[in-house]
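Here is the structure we will look at, set down as structure tokens.
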Number of protein chains: 2
Amino acid sequence: MASSIHDLARHLNISIGTVSRALNGRADVNADTRQRVLEAAKQLNYAPNQSGRSLRQGATHSIAFMLQPHPGDQQYGEPFFIPFLTGLQGRLAESGLDLIVVMGAPGDYQQERLRRVVETRRADAVVLAWTRREDERIDYLTERGFPFATLGRSRSGGKSYPSLDLDFEKAGSDAVDRLVARGHRRIAAVRPALNLNFGYLFLDGYRKALKRHGIEVDPGLIADGFINEGGGYQVTPRVMLSKDRPTAIIYNNDAMALGGCKALAEMGIRPGHDIAVTVIVDTPLCRYFSPALTAFRPALQPMGRRLAEMLLASLPAFAGPEGTRIMREVWPLELIARESD
Amino acid sequence: MASSIHDLARHLNISIGTVSRALNGRADVNADTRQRVLEAAKQLNYAPNQSGRSLRQGATHSIAFMLQPHPGDQQYGEPFFIPFLTGLQGRLAESGLDLIVVMGAPGDYQQERLRRVVETRRADAVVLAWTRREDERIDYLTERGFPFATLGRSRSGGKSYPSLDLDFEKAGSDAVDRLVARGHRRIAAVRPALNLNFGYLFLDGYRKALKRHGIEVDPGLIADGFINEGGGYQVTPRVMLSKDRPTAIIYNNDAMALGGCKALAEMGIRPGHDIAVTVIVDTPLCRYFSPALTAFRPALQPMGRRLAEMLLASLPAFAGPEGTRIMREVWPLELIARESD
DNA sequence: CGTTTTTCCGTAAACGTTTACGAGAACACA
DNA sequence: TGTGTTCTCGTAAACGTTTACGGAAAAACG
């Protein structure tokens, strides 16, 4: 059905080798011949079969991003990633690479799907997100020597891969600084219960800042919950019922903050009036919520671009100068002051 | 590096043909041999090279979904699609197919990327969304005989492909009915300016319902704008400054509604008090906005599952009974009454 | 025991590319 | 004219699978 390089060769009365060389811009082909080949290719709208290409070259020319909805709130999903993916894909396309997003079922852990992608060689490299503190996937990939990059840090795998993360520690610290400056001293922290790495970073920043201000860290004001609305809803009363009620809460996730605000509302506590609410990692929901939530915003699209660059630099086929191989960057979050604190 | 079927064969001292047959569950292989092969495969963690497989079989075992962020609001993206994709991927996985999401740059039209996917045979079929009234992509695919299914209807391509759509006409009509029942007679409609098909369906329903209620359709109350916040913001004053000001607005898109509400706020008009606002196609943003927006909600995840089934039925390799080949379904939208009307 | 059937497996071709190798022709140079 | 160089192209192997075909051995049957 679809035209192959043989059709093209037959049509032009030359060998498939020459056709291939002409198409791939190799030097040892006559200018006229190349011209004729290019025209014929356009005319028969020939495009090289990707499977054949990959098989021969041992490279798929595509990068996989593993995407997986959180369990729980089905309606919500991951608006967070779209701008990131846009940046990622933009940069990859410039180097002739396709981005394929591999969807997983919500909830089931990515390990199996990742193995499939890697072992069936569906992609030349993968990009991981939601890195955990100890991350099985990272161990697997490093052990297997498969190229990858991560959005987020991890303790796993040493420093052998490019990674780009947000400065959750500084955000946690800044959030506390701001609240203290506004007179708060009882400040709660709510973070996801999975051992997602950013939860730890956030809490570190939170703790250090409190200490810096001479405020004792009260374990009763720290809570972990499911990383979705339900989690925030469930866990918020726990910190609010602490014997000395907090006057501020920092949520380490937008969905948890929204669920938390629902719980607060049911307790008759109004964010922005009776309590200060700050959320780390802004999403459009924070902006539109009422009251609009003060939040820390990442530059997702540039981050996507940058991580693509870092990944490319780590791939032999695209590698730049030796020194630029492995990179790790931590990007700031920008405070967007709104109404909730 | 990665183990091939040859390694496996050598390791077991049998031929690669037998290994392949054992792995693929063919009948003509001894039970013991199969067992040994399976074990060895697990042990050497062998997985068939996807490129080799595809090349030989002429099938990639993967379905592509073309995803493309809208231009404009970078922070927003497409939370709409995630639940849909979850359903789609779930059903496809059950038939051993992978879902790959092919990202495009925001703004640039999908046609080129689609050609790439099709002509390089990266997928066995594609799923299209954001169908337009006349859709170049659909023409291309039908002409080329490439299997596909669409989320949304179109005038293009006849009835030769499976499609699943939401009943925007009924939603538009229901929205009007509800507003009329609540005493409104000056009802505006705002929809996207691109010739996205659902915009037409919505407007049809809107017009018919008005006529049914004996209300004249006022062109001054109908406006098209960019399908993002900016579009809603820009276009809302136009209908509000109509000589006989509307008392209700129906937005055909959530982002446009949010932008519209911003414009209304700047004019000192409060949704839910001074004007009724309804939006067609609910998203989480509608729920969290203040006032919470009355909206029509789709069952995205089941729709994803269903469209996968319809697509599978249209693929020769998976086809069920002859009669079930081509299907077209229109699903209802559920009214979620909130505070804005 | 001879014949037929069944079971199981090896051989080799094919899918569509890319690329190392070599060879003929044209050219340059002395 | 002889020799070396440069251009250009064809040949064929290789990538990792699947599968049609045939054949040897085993089983079934008379």
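As a basis for the values below, the full set of heavy atoms in this structure was taken, side chains included, without hydrogen atoms, waters or symmetry mates.
- For NE2 of B:His61, the number of neighbouring non-hydrogen atoms (other residues, nucleotides, ligands) closer than 6.0 Å is greater than 12.
- Under a 3.5 Å cut-off, the side chain of B:Arg121 and the backbone N or O of A:Ala47 do form a donor-acceptor pair.
- With hydrogens and angles disregarded, no donor-acceptor distance shorter than 3.5 Å links the side chain of B:Ser95 to the backbone of B:Leu97.
- A donor-acceptor pair under 3.5 Å is absent between the side-chain atoms of A:Asp124 and the main chain of A:Ile63, judged by distance alone.
- Salt-bridge formation is detected for the pair B:Asp135/B:Arg137: a Lys NZ or Arg NE/NH1/NH2 atom is positioned less than 4.0 Å from an Asp or Glu carboxylate oxygen.
- A ring pair (Phe, Tyr, Trp, His ring centres under 6.0 Å) with B:Phe148 is found for exactly one of B:Tyr161, B:Tyr140, B:Phe65, namely B:Tyr161.
- For A:Asn49 (side chain) and A:Ser51 (main-chain N/O), a donor-acceptor pair under 3.5 Å exists by modelled atom type.
- Contacts of A:Glu309 classified as side-chain contact (heavy atoms from CB on, under 4.5 Å), with partners at least two apart in sequence or in another chain: A:Arg91, A:Arg306.
- The end-to-end axis angle of the helix from C:dC1-D:dG30 to C:dA30-D:dT1, rounded to 10 degrees and based on five pairs per end, is 40°.
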Query raised in the report: For every nucleotide of nucleotides 5-11 of chain C, 5' to 3': is a protein heavy atom under 4.0 Å from its base (B), only from its sugar-phosphate (S), or from neither (-)?
Result: ---SBBB

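- Here the range on DNA chain D touched by chain A, meaning any atom under 4.0 Å from one of its heavy atoms, is D:dT8 to D:dG16.
- For the side-chain contact (heavy atoms from CB on, under 4.5 Å) with B:Trp130, the lone residue among B:Thr150, B:Leu67, B:Asn197, B:Leu196 that qualifies is B:Leu196.
- Within a 6.0 Å sphere centred on CZ of B:Arg328, heavy atoms belonging to other residues, nucleotides or ligands number more than 12.
- Listed by chain and number, the residues in a salt bridge (Lys or Arg N to Asp or Glu O under 4.0 Å) with B:Arg133 amount to none (sequence neighbours excluded).
- Within the 4.0 angstrom heavy-atom criterion, only backbone atoms of the sugar-phosphate kind lie near A:Ser4; the bases stay farther away.
- Without hydrogens or angle criteria, A:Ser20 side chain to A:Ile16 main chain gives no donor-acceptor distance under 3.5 Å.
- Within a heavy-atom distance below 4.0 Å of DNA chain C, the residues of residues 39-49 of chain A found are A:Tyr46, A:Ala47, A:Pro48, A:Asn49.
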